[in-house]
Amino acid sequence: MEVAEEAGVAVLAYALAAIADEGAGAGETAAALAALCDVLALSGPDLIFALPSAPLAKRLPRLVAASASGDGDGDVPLLAARAMAEACEGAPQWAERFAQHGAVEALRDRLLTVDCIELAEECLRVLDAISTECPDECLKRGVAAAVLQFFDFFSTNKQKVALQIVSNIFNDYDEEDAPTVMEAVPALCNLLQSSDKTILESAISCMALVAAGVSKNAEHMGKLCETNVVEATMSLMGNEGWKSLSDDTLTGILGLLKNLVSISEKAVESLFKLDFCEFFKQMITYYSSSNRDNDKVQMLVELIYQLMQPLGASEQHAKLVTGKKNVIMGQSTYMNQLSSIVALMVQIAKCAALSSICYNCVAAISNIVELSTPSLLMELQNTVNLSSFLTFLLARRNRHIIFQALKISRTLLEKRQQFFLETFTKEGVKHSIDSIVSQEKNSSHQSKRKNNMNESCLCFDLESSLTGEACRVENNAVMKLAEDIKRSFFSVKGSQRSPHRFGFALKSFRDFFVRLNVHAATPPTENQDSCKQLSDLSRRLLSDELPVTSTFEFAQSGSIKCLSIYLSNGAYCNTDLSGGQDLLGHLSEVQSRLQKFASLALTVPNDSSANPLGVLVEKLLDTLHMCYDSFPVMLSDEQSTRESMMIPLRYPETQELASLELKFRRSQREKELRNYNDVLSVDLFSTPDAIEPVLFPKICRTDQEPAPKNSNQENEANGSTKLGASKNDDGNRSSKLRFLYNGVILQPSATFFESILRLMNKGQSDISIEPSFWDEEHNITYRKRNRSKEIPSESSYDIKVSHVQENLQQAWLKDPFFTAILLGKLPGDLDVSDPSYNLLFMLKVLEGLNRFSYPLLMDEQIRKFAEGTIQDIDLKVAIYPVPQHQFMSSILTNKLELQMQDSLFEGGLIPSWCVYLIDSCPFLLSFNTRWKYFCLTAHRSFMTYQVNNSPDQVKNILDQVSGHSDQVKSPPQTKKYRVSRSASLEGAVSMMTNHDPSCRIVEVEFEGEVGTGRGPTFEFYTTVSHELQRAGLGMWRGDNCEDRFIHASFGLFPKPWSPSGTQGIEFSNVLQKFKLLGHLVVRAVLDGRILDIPLSKAFYKIMLDKELDIYDIASFDPELGKTLIEFQALVNKKKFLEKSSRTSNHTAVLSYKNVKLEDLCLDFTLPGSPEYELIPGGSEKMVTLDSLEEYVYLVVDATLKCGIAKQIEAFKSGINEIFALKTLKMFTEEEMECILCGEQDAWALKNLEDHMDFEHGYDMSSPLIITFLEILREFGREEQRAFIQFTTGAPQLPLGGLALLDPKLTVVCKKCDGNVDDELPSVNTCRHFIKLPPYSSKEIMREKLKYAITEGLGSFHLS
């Protein structure tokens, strides 16, 4: 090795000497250059950089420029250029050295002469490097035009290099260099005709860079518009081609089009001719879904805005705008195109999580409104409801958005005053404008404070022509425009009809709730007419009038609060509730009111298709969206693009978690406490409740109450705040201190970080965190809490309510929604004065009512049967529940999606409203959003468990989180285990026991098999899932059949175990397997694995810590559930008859389906399990009518509670050993099944090929691939499962289905040595590779594929 290095150095010395000798002959120079090239190609950057720079940097460019004068001279320029290329590629610093000594001119001139194509291509190599390091030098020397002049002579690869050089040169050039840049435009225009998509894409990207630099120069932009760049660009994006473009290319194209239409009416006309608005609708729908790409949405909206921006100050700009308007208004089809996108832009503006996107949409809509005719605007009002949209905008705090909304309002009134004055009154625009004017006049100080708010200006995002720094929307601009509208339009006579209509709507709602309250106090059997009148009124109101009632009328009517008060029996926001109230009577009345309201809201009349509850939910969500500013997004400087996530984080991704510097000072009036006057560094999760145990011992005087005994981390501020970030379950610790920031009391449960940030940016919707925020010391004042102002009675009342609920039988009476309606308040310390409070409260109640619609109405049906209103109990109640997705708020979902893109989110930058919605109102957020939230915050649940259960580990864990451990920052590590396939269940128990409570990802390989990684691990989970369904384990109901495995048509549910019955199975083994199931469940969730086990919906409820009752039995045992409900109805009827009659003769006629109960020969044993006696000697005691109530209670209790309590305890302990079970409560039963068991629908047949790749001999158009896809589409459900397991290791696709399978399913051509038709397909399950032989026919392919997916399972060997 050393000899070779010495030889290389000797050759280099010779070459450098010969090259430096200007008197050497051409042959000698060429030989030296060849030797230099060889050495440079094999040398490292250190050696190349150490070469003598001055002589070589001067000499090589001269040799490139030298003209041939004899034999051998022709090789010298070629070899010199190659040597320069090798030097620049080995050490980029050489590029600048060469540029300083004339290399750019020499290379340019060589390209223009094209003596030799090989020499020209070597020149491109050098210029590629130099243009990266010295783009300005290349630009000034005209390199861009030179590399494009003989473009067609180059190979395709070199053509791409040439365009890369042009891109390097044109990137962010100065305006003074525009003439030189424009020299290359003709050549670029020629490339717009290229049939090569890559060349076309690169050429358009270069054109976009040109346009970006000359966007303010009308002459240069005019030249660009004369090319066919618009047509070429649109052809590239046609047929959804924009989806396949790179991010940079698409961004450049949108920028190019925006710059072109901003200055050229011809470009505007070209876009309309090409039906650009259809592209716009497709693209903005795609990118706005789940905040996929806010930057693209911004650019698309800006492009629409630039099509017809408003008049500017200059005469030239006014002429341009007039020309554009003439183009658009000259063709009715163009105006129709614009009007067709208004609805979409309204939706984007309403759902936008960023104020900037909302503003851009509104500004573009304002331009469209300006161009539209009165008739078109009236049509838009009827289809889009512009007036309601304006009311939504005027409820915002952002003055830019309000100003644009007022502009649209004025334009609409100018074009059709009477029509829009009526709709403005009905929809609330008039009320909003009146409020703006009155607030400004009546509160001048407040107005001044609001208007001087530090609100970021949004004008410059759209107006590229604006050069000044002053905001166009002045502080008093909103006030002036509002006053002008009120003075010009609202004072005009002739609008007397509007208040009458609005007043009628209010009266209808108020009258409804008055009658509803009267009806609540009147038994229906006593006043049938009243009941019918109420039913008719409610039907008309909910089904007929509510849909056509505006959101404003609905909100102003006070119906939300009235309904809350009615359903809560007056408890809503009632601070006088106390323990002295008749709690049981109150509970019974609330239950009755909910049932009556459910019967009105969940049924649909024959002559109507409207769902009353659905309409009500829609109105509530529309009104909630008016409270946009109650849910501020807080963003730091850095954003992370987070696509769908499959595996929860084990650790925060941020390299170093942010912290706050808090300086605590005693209040001036506080005399009992010491002054701390020191700084504590706390994390973003820290709350006043968490910091108090740290601070109080330090400031408590010796004669005051001693420090708490549990504050053993008082010297570790970070540690204490971390511990405090996770509240105790009881949450009842009494606070001793009050903390204030700038005189405002901080909420005990809100983080210091959020409280400070919101108070610093009061009134803003989007809060941007300046870098200086982290460096400041934030002053926090503390004082002792005034105990006299505490109201312990409310807390004690809550406790009493909780105790009463524990003894109730119906599950819905124990649900959090019923607790909220019973207490008349939402859980937690949400601000009651916030306008969103009423809406969140009612939405929570209605969602619970909708979720429990069957039990609610079935209870009512049983009551009617008991009272004799109906003769036969009908278990098929006609209800029309609202689909769960209709409760989702698009705005809140988008806001949380945007918040989660912040790089500091998982480290603690989580606004309290996000946490609150996840905990208390998760139904408002989409499943995908909640899953992403779970993945980003799961690491906290790991830490919470370890901290709470291992106090000695606290400091170690907190040090890791604070960045003192490199292991935490590294990707999640895996731990591999080997198990025997024949003893997979025993291996799983051993593995899971040894692995707990590690957060490392489990990987499995089977003994005796070579497969390792993802595929075998997935198959392991599938195998163990199947083993847990084996008959004879004593785990599941129905485990008394002869089959090897239990077949539960309605899902698996634990088998009740009697304390006395063993059936030859050790109960401890049963508990061990349930604990194993808990381990498997949590590992599947956390590691992104799939379980193939059909758990019942009732079992998923248990997993989510929900209550079960008699109605849940039918979900896993329909016959037993139906019978028990009928028995319960019989019990209730017996009670009613006994209560209403002095004798018991009436009960004698009671029977079950015309059969005496005694004749059914029922004993007190559990149905289906005769060995399980419900009472001692139960097999000898027969069930009678008098003992039926006890029998039903005992069967339900044994089935859902005491008979399975220990199994459920073991299952939950298996989860809680690793992860906090309560964290999963944000999901529904159906969602948990999807998370655990994957997508039930294997694939969408029509877009199967969109989610697969075809490589190594195959592409999408290959005949064999077309045949392969046809076979897959013909597969049945079981064949689909087998195919998925064959290719991935699990019979179900993960969350998101085939589209989100990672890595993507890839089909490659299998090379075969012998007869192709004798070969079988093989797979790589870790990489999801299918190796498919090129079979001779479809029949053979189907036969071999079916054989492989059925017989090829159960082992991993080399394929």
* To do: Determine, stepwise, if the pair Leu746 / Leu759 fulfils side chain to side chain contact (heavy atoms under 4.5 Å, CB included).
  => CA-CA 10 Å; Leu746 305 183; Leu759 289 170; 3.9 Å; yes
* To do: Check the pair Phe1219, Phe934 against ring pair (Phe, Tyr, Trp, His ring centres under 6.0 Å), reporting the backbone distance first and the verdict last.
  => CA-CA 12 Å; Phe1219 192 77; Phe934 173 81; 5.6 Å; yes
* Asked: Can you list the steps and then say if Thr937 with Val915 is a side chain to side chain contact (heavy atoms under 4.5 Å, CB included)?
  -> CA-CA 10 Å; Thr937 58; Val915 180; over 6 Å; no
* Show your reasoning for whether side chain to side chain donor-acceptor pair (under 3.5 Å) applies to Arg738 and Ser667. => CA-CA 10 Å; Arg738 281 282 178 261; Ser667 173; over 6 Å; no
* To do: Let me see the working for Cys573 and Val832 under side chain to side chain contact (heavy atoms under 4.5 Å, CB included), right down to the final yes or no.
  => CA-CA 8 Å; Cys573 292; Val832 180; 3.8 Å; yes
* To do: Apply side chain to side chain donor-acceptor pair (under 3.5 Å) to the pair Asp775 and Ser772, showing each step before the final yes or no.
  => CA-CA 5 Å; Asp775 301 326; Ser772 59; over 6 Å; no
* Run the numbers on Ser659 and Asp683 for side chain to side chain donor-acceptor pair (under 3.5 Å), then give the verdict. => CA-CA 4 Å; Ser659 61; Asp683 65 26; over 6 Å; no
* **Leu635 and Val633: CA distance, side-chain angles, deciding distance, side chain to side chain contact (heavy atoms under 4.5 Å, CB included) verdict** => CA-CA 6 Å; Leu635 301 176; Val633 174; 3.5 Å; yes
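Residues satisfying the ring pair (Phe, Tyr, Trp, His ring centres under 6.0 Å) test with Tyr628, not counting sequence neighbours, are none. Residues that satisfy the ring pair (Phe, Tyr, Trp, His ring centres under 6.0 Å) test with His778, not counting sequence neighbours, are Phe773. By the ring pair (Phe, Tyr, Trp, His ring centres under 6.0 Å) test, Phe631 pairs with Trp913, sequence neighbours left out. With sequence neighbours excluded, no residue forms a ring pair (Phe, Tyr, Trp, His ring centres under 6.0 Å) with Tyr741. For Asp1105, the salt bridge (Lys or Arg N to Asp or Glu O under 4.0 Å) partners two or more places apart in sequence, or in a different chain, are Lys1212. A search for salt bridge (Lys or Arg N to Asp or Glu O under 4.0 Å) contacts involving Asp622 returns nothing, not counting sequence neighbours.
A distance of 10.5 Å separates CG of Leu695 from CG of Leu662, quoted to the nearest 0.5 Å. Here the straight-line distance linking atom CD1 of Ile756 with atom CZ of Arg758 works out to 13.5 Å at 0.5 Å rounding. Atom CD1 in Ile780 sits 8.5 Å away from atom CG in Leu740 (nearest 0.5 Å). Rounded to the nearest 0.5 angstrom, Leu737 CG and Ile691 CD1 are separated by 11.0 Å. Here CE of Met900 is found 9.0 Å from OH of Tyr933. Values are rounded to the nearest 0.5 Å. The distance from atom CG of Leu843 to atom CG of Leu839, rounded to the nearest 0.5 Å, is 6.5 Å.
A salt bridge links Glu897 with Lys932: the closest approach of a Lys/Arg side-chain nitrogen to an acidic carboxylate oxygen falls below 4.0 angstrom.
In terms of heavy-atom proximity, Glu777 sits nearest to Lys663 at OE1-CD, 3.7 Å. For the pair Leu909 and Leu684, the tightest heavy-atom approach, listed with the atom from each and the gap, is N-CD1, 3.9 Å. Of all non-hydrogen atoms in Cys358 and Leu393, the two that sit nearest each other are SG-CD2, 3.8 Å. The two residues Gln899 and Cys914 have their closest heavy-atom pair at CG-SG, 4.3 Å. Nearest heavy atoms, Leu1104 versus Leu1224: CD2-O, 3.2 Å. When every heavy atom of Phe685 is checked against every heavy atom of Thr751, the shortest pair comes out as O-CG2, 3.6 Å.
A donor-acceptor pair is defined here as one N or O able to donate and one able to accept, closer than 3.5 Å; no such pair exists between the side chain of Arg396 and the backbone of Ile401. Proximity of a side-chain donor or acceptor of Arg666 to a complementary backbone N or O of Arg783 within less than 3.5 Å is not detected. One N or O on the side chain of Asn1216 and one on the backbone of Leu1221 form a donor-acceptor pair closer than 3.5 Å. Side-chain N or O atoms of Glu670 include one that pairs as donor or acceptor with a backbone N or O of Glu672 at under 3.5 Å. At least one donor-acceptor pair under 3.5 Å links the side chain of Tyr916 to the backbone N or O of Pro827. Under a 3.5 Å cut-off, the side chain of Thr1223 and the backbone N or O of Ala1220 do form a donor-acceptor pair. A distance-only check finds a donor-acceptor pair linking the side chain of Glu754 to the backbone of Ser912 [under 3.5 Å]. When atom types are taken as modelled, the side chain of Tyr837 and the backbone of Leu826 share a donor-acceptor pair closer than 3.5 angstrom. For the pair Asn894 (side chain) and Ala353 (backbone), a donor-acceptor distance under 3.5 Å is absent. A donor-acceptor contact shorter than 3.5 Å is absent between the side chain of Asn838 and the backbone of Ile560.
Side-chain atoms of Tyr359 and Gln404, non-hydrogen and from C-beta on, do get closer than 4.5 Å to each other. Put simply, the side chain of Ser802 does not reach to within 4.5 Å of the side chain of Ile799, judged on heavy atoms. Annotation: side chain of Thr623 is not in contact with side chain of Leu621 (no heavy-atom distance under 4.5 Å). Leu925 has its side chain out of reach of Phe887: every pair of non-hydrogen atoms, C-beta onward, lies at least 4.5 Å apart. Within the 4.5 Å cutoff, the side chain of Ser890 has heavy atoms near those of the His625 side chain. Taking the side chain as every heavy atom from C-beta outward, Arg930 and Glu1231 approach each other to under 4.5 Å. The side-chain heavy atoms of Lys736 and Glu692, taken from C-beta on, include a pair separated by under 4.5 Å. Under the 4.5 Å side-chain criterion, counting only non-hydrogen atoms from C-beta, Leu757 is in contact with Ile769.
Residues Ser630 and Asp834 have side chains that bring a donor and an acceptor to within less than 3.5 angstrom of each other. Side-chain contact annotation: Ser356 with Gln298, donor-acceptor N/O pair under 3.5 Å present. For the residue pair Thr929 / Ser926, a side-chain donor-acceptor distance below 3.5 Å is found, with atom types taken as modelled. For the residue pair Asp295 and Tyr287, no side-chain donor N or O sits within less than 3.5 Å of a side-chain acceptor on the partner. At a cut-off of 3.5 Å, with distance as the only test, no side-chain donor of Thr687 or Asp689 sits close to an acceptor on the other residue.
A tilted orientation is assigned to the rings of Tyr782 and Phe664, their planes being inclined by 30° to 60°. Relative ring orientation between Phe753 and Trp774 is described as parallel, the plane-to-plane angle staying below 30° on a 0-90° scale split at 30° and 60°.
Under a cutoff of 6.0 Å and an axis angle of 45°, Lys698 and Tyr676 do not form a cation-pi pair.
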